[in-house]
Every structure is written in C-alpha cells, then in structure tokens.
Amino acid sequence: MPFALIEPVEPVIQTLAEAVEEATRYTIVRALNQTHGCISAAALLLGVSHATIHRLLRKHRIVAAQVVADYRPNDARLARQRAKGLRGL
C-alpha cells in the first residue's frame, strides 16, 4: 500500500516569543494609524515613554510615515498616483 502524505489540518503553532512579537507590532501599527503617525501620541495611547516607542519602532523596523501611508483609502492613493503621473506630462 503506498504511503500518502497528509497535510496538517491545523496551522503550525507559533512560539510564545513569536506571538508576542507579532502582537506588539500589530498594536504599535494600530496606535500609529489612530494617531495619524504621531509617535508621541501613539506612545501616550500605548502607555509607554517616548524613548520606549522609538526603541520598539527600531526593533520592529516600523516607519511611522509608511504606516500612515499604507492605511489611507485606496481611492486617495490612486488619486495621488494619477496626480504624479500628470505632473510628468
């Protein structure tokens, strides 16, 4: 009888450290989005110091300006891209 490979039904479980890192990154990104990229306001919202949030941004390689740009509605992004294209004409 041939041996059949069975794919796992459940996803691979993360380590606790990986889960904490993912949750931390997600929470920082949400705070930056809610504060429109203002790092000081995000620090207050999260209850951490300004120095701590800067350390976490470096650790997780998060750029506040990029976070806000990524969360703008697609319509606004397309409008900006079209405007850039028209300036080149």
L32 side, atom CG; Q66 side, atom CD - distance, nearest 0.5 Å: 12.0 Å

Measuring from K59:NZ to R25:CZ, what's the distance to the nearest 0.5 Å? 12.0 Å

Quick check on H54: does its NE2 atom have over 12 non-hydrogen neighbours (other residues, nucleotides or ligands) under 6.0 Å away? yes

Nearest-0.5 Å distance, CD1 of residue I28 to NE2 of residue H60: 5.0 Å

Would you say I62 ends up clustered with L45 if hydrophobic residues are merged whenever their side chains have heavy atoms under 4.5 Å apart, either directly or through other cluster members? no

Contact check, side chains of T35 and L44, non-hydrogen atoms, under 4.5 Å: no

Joint hydrophobic cluster, I39 plus V29, side-chain heavy atoms closer than 4.5 Å: yes

Main chain of T15, side chain of E18: is a donor-acceptor contact present, judged purely on distance under 3.5 Å? yes

Could you tell me if T52 and S49 have a donor-acceptor pair between their side chains, going purely by distance under 3.5 Å? yes

